[in-house]
Amino acid sequence: MPKPAAPYPGPLPHAESARDLLVQAANLAADHLERRRGDPVAITADRDALAARIAAFDFAHPMPGADAVATLFDLLREAGVRSDHPRYFGLFNPPSLPAGIAGDIVAATVNPQLAVWAHAPAAAEIERHLVRLFGRRIWPESGETAGTFTSGGSEANHTALLAALARKCPDWADRGVAAFARPPLVYASAESHLAWIKIARAAGLGAQAVRLVPARDGLRLDGATLEAAIRADEGIGEPVLLVATAGTTAHGAIDDIAGIAEVGARHGAHVHVDAAWAGGILLDPAQRRLLSGIERADSVTIDPHKWLAVPMGAGLYCARDWQPLETAFGVSTAYMPSASTAMRDPYIHSLQWSRRFIGAKLFVALATLGVDGYTAMIERQFALGRRLRAKLAESGFVVVNDSPLPLSCFAPPGATDATVQELAHAVVANGSTWLSTVRLDGRLCLRACITGFETEKQDVDSLIDLLVTTERERRLANTPE
Ligand SMILES: *Cc1c(COP(=O)(O)O)cnc(C)c1O
């Protein structure tokens, strides 16, 4: 006699209807968007209090899903720096466009697996379509663009290094760095993103393989300076990847892309443009000239989660050629459907294997705003950047970077590092705006960047007012009686 079956497990506790939960969550999200302008931009977290509130969730007593979602919104709202705030003038972490959030809901809901084209053909084709859209703006002359969505700029840049190694020496795919006669080297401006250091370590090259070349006048790397650096390294290794940064994190400098491409051609090195932030302006024909020379690059990083304001993480690696990706990532295994280079199966052209449908949020955002909507959003941010720069100068601050992008680095005249630090602390402590500090040519200065599509003229003006009053108070407090 068969044993009586164990009782079949009942429904999950608090398994409210999916519709109720999702509608409630969407309402909470919409509430958040409507109220955020009134929130403080930064609240210093009390770590013990925060940890205690979180530890109260012992997960022993299930709660309604909508309550969990509401608590999560509260926790995120009540401590930290709110990069989604209209008066956040910090690094490139914009608020998410509602259409991007909606696209992400679709990706999370259907949860297609993008490893293989045949399992998620619509998702894979949508991503190909988006890669081509950027490809046409980078390389107007070329028909096909290779590329892949990534978790962000770091993975896209990592992909660039692996592609460069594969291109220079296909044997590297089997033998690793030992396949090179001399150690492979990566060249980038000293102002480039430090992700390159981690990437060189991850690729087994080590941090010293990244040759950080001091840019002339501290900002913009040009071809002649790069050429001289490569010559000075003769005998140390072989230049494999040359990076032009378009929009440095600290001060928005755009390297001389054409000059760097020239050097790349001379040395047979892969030329990569790291345009994680500024690559967004490819959608603005009026600003495309700022990236001139990009059409000579072999590959480009663009982070849609930066200027294009879709939820993190969304990076994009675009390249002229599929072959290096195929060499770097191609594998075959019995448990996967046979890998297809004809269909460009994502898992044999990318670092990731199981993969979220990253392109969904950009697809819905582009379809909703249209390219023209994005152009208008970007132009507005440029206009606010010009306003910020002009008002800073009018108010007696010295603007020390000359980036064409909406990012100003500045200080009161004659300010020491300590003065700048004091001013930055006082401004941020006010809680109504957030900005950062940065070092330029060895001196500390304040840094304000227009990042969000909700930022208005009035927000720029209140940043200026706050800077002016705070600086006046600081001077008064420091003036001997
Ligand atoms: C943000 C950024 C990166 C790193 O990208 P993540 O998306 O943060 O991984 C790399 N390079 C530049 C120029 C960046 O602005």
Side-chain angles (χ1 to χ4, degrees), residues 81 83-84 88-96 100 104 134 138 147-164 186-203 207 210 212-213 215 219-221 241-257 260 271-282 290-291 294 297 299-318 350-352 355-356 358-359 361-362 378 381 401 403-407 409 436 438 440 447 449-452:
V81 176
S83 55
D84 68 330
Y88 170 81
F89 294 97
L91 301 153
F92 318 126
N93 312 299
S96 302
D104 222 9
F134 287 93
I138 299 167
T148 169
F149 275 84
T150 63
S151 57
S154 297
E155 187 198 334
N157 286 350
H158 194 165
T159 302
L161 175 55
L162 301 181
V186 177
Y187 287 81
S189 136
E191 305 298 325
S192 66
H193 198 281
L194 284 184
W196 290 111
I197 303 291
K198 298 208 290 182
I199 290 165
R201 288 182 184 143
V210 183
L212 294 174
V213 185
L219 295 175
R220 198 169 171 262
L221 182 62
L241 174 66
L242 309 187
V243 179
T245 306
T248 56
T249 309
H251 26 67
I254 299 177
D255 288 348
D256 170 17
I257 304 174
I260 291 172
V271 174
H272 179 73
V273 177
D274 181 5
W277 174 46
I281 67 176
L282 287 165
L290 296 176
L291 302 176
I294 198 169
S299 58
V300 177
T301 286
I302 304 165
D303 260 357
H305 69 208
K306 287 184 175 164
W307 214 322
L308 303 181
V310 301
M312 285 186 264
L316 188 55
Y317 174 80
C318 293
S350 142
L351 262 165
Q352 298 187 29
R355 185 157 71 74
R356 182 184 179 82
I358 298 167
K361 46 204 171 188
L362 184 59
I378 293 165
Q381 290 174 329
N401 69 333
S403 173
L405 303 170
L407 190 176
C409 300
S436 55
V438 79
L440 199 153
R447 176 192 181 282
C449 182
I450 311 291
T451 60

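Both ligands and their constituent atoms are indexed starting at 1 by order of listing. From a predicted model like this one, the values you see are computed outputs, not experimental measurements.
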Looking only at heavy atoms, which two atoms of [X] and [Y] are closest? And how far apart?
X: Arg220; Y: Ile254; result: NE-O, 2.7 Å
X: Pro311; Y: Ser96; result: CA-OG, 3.4 Å
X: Pro304; Y: Leu362; result: CG-CD2, 4.0 Å
X: His251; Y: Ser403; result: O-CB, 3.3 Å

Looking only at heavy atoms of Met312, does any of them come nearer than 4.0 Å to an atom of ligand 1?
->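 Not so, Met312 does not reach ligand 1.
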What's the spacing between Leu440 CG and Glu191 CD if we round to 0.5 Å?
->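 That separation rounds to 7.0 Å.
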Need the ligand 1 atom indices (1-based, order shown) with element for anything under 4.0 Å from a heavy-atom of [X].
X: Ser154; result: 4 (C), 5 (O), 6 (P), 9 (O)
X: His305; result: 7 (O)
X: Gly153; result: 5 (O), 6 (P), 7 (O), 9 (O)
X: Gly152; result: 7 (O), 9 (O)
X: Asp303; result: 5 (O), 6 (P), 7 (O)

ring-ring contact (aromatic ring centres under 6.0 Å, His included) against Tyr88, all qualifying residues, sequence neighbours excluded =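 Partners of Tyr88 under the ring-ring contact (aromatic ring centres under 6.0 Å, His included) test: Trp434.
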Should His272 and Ser299 be marked as a side-chain hydrogen bond (donor to acceptor under 3.5 Å, both in side chains) after you check the CA-CA gap, both sets of side-chain angles, and the distance that decides it?
-> CA-CA 5 Å; His272 179 73; Ser299 58; 2.7 Å; yes
For ligand 1, is any non-hydrogen atom under 4.0 Å from [X]'s backbone (N, CA, C, O), its side chain (CB onward), both, or neither?
X: Glu155; result: neither
X: Ala195; result: neither
X: Asn157; result: side chain

With a 4.5 Å heavy-atom cut-off, do Ser436 and Arg447 have their side chains touching?
->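 When only atoms from C-beta onward are counted, Arg447 and Ser436 do touch, with a gap below 4.5 Å.
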For atom 13 (C) of ligand 1, grab the closest protein heavy atom and report residue, atom and distance to one decimal in Å.
->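 For this ligand atom, the closest protein heavy atom is Asp274 OD2, 3.3 Å.
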Just go through His193, Lys198, His158, Lys306 and tell me whose heavy atom is the nearest to atom 15 (O) of ligand 1.
->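 Considering heavy atoms of His193, Lys198, His158, Lys306, the nearest to atom 15 (O) of ligand 1 sits in Lys306.
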